[in-house]
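If you scroll down you'll find the structure; I have some questions about it.
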Amino acid sequence: MELTNMQFGILMLVFGMGLTLLTLYVLCWVMRILTSVFKHNKESAE
């Protein structure tokens, strides 16, 4: 099966957007975990 240029472009568009959204989702969870591990205390900041 040979991919045409149009099929290849749409395939790369779908995979690229999917990978971007997956990366943003993972980074969101990493930031949530880091903020829960390193909580900011006002007493320790003074």
Side-chain angles (χ1 to χ4, degrees):
M1 183 177 143
E2 183 87 21
L3 286 177
T4 63
N5 284 339
M6 188 69 175
Q7 289 173 334
F8 179 74
I10 291 174
L11 184 72
M12 291 305 290
L13 181 118
V14 170
F15 278 130
M17 184 53 95
L19 188 61
T20 300
L21 292 176
L22 181 69
T23 303
L24 288 174
Y25 181 74
V26 168
L27 284 174
C28 177
W29 277 106
V30 167
M31 291 304 294
R32 285 183 190 211
I33 291 171
L34 285 175
T35 53
S36 67
V37 168
F38 300 108
K39 293 188 188 226
H40 181 67
N41 294 333
K42 292 193 176 203
E43 295 84 20
S44 64
E46 294 176 355

Nearest-0.5 Å distance that lies between atom OG1 in Thr4 and atom CZ in Phe8: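 It is 11.0 Å, given to the nearest 0.5 Å.
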Candidate list Val30, Thr35, Val37, test side chain to side chain contact (heavy atoms under 4.5 Å, CB included), partner Ile33, passing option: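 Going through Val30, Thr35, Val37 one by one, the side chain to side chain contact (heavy atoms under 4.5 Å, CB included) with Ile33 is satisfied by Val37 alone.
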Intermediate values then yes/no, side-chain contact (heavy atoms from CB on, under 4.5 Å), Arg32 and Trp29: CA-CA 5 Å; Arg32 285 183 190 211; Trp29 277 106; 4.0 Å; yes
Interatomic spacing from CE in Met12 to CD in Gln7 - rounded to 0.5 Å: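 CD of Gln7 is found 14.5 Å from CE of Met12.
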Residue among Leu21, Val14, Leu19, Leu13 satisfying side chain to side chain contact (heavy atoms under 4.5 Å, CB included) with Met17: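 That would be Leu21; it is the only one of Leu21, Val14, Leu19, Leu13 passing the side chain to side chain contact (heavy atoms under 4.5 Å, CB included) with Met17.
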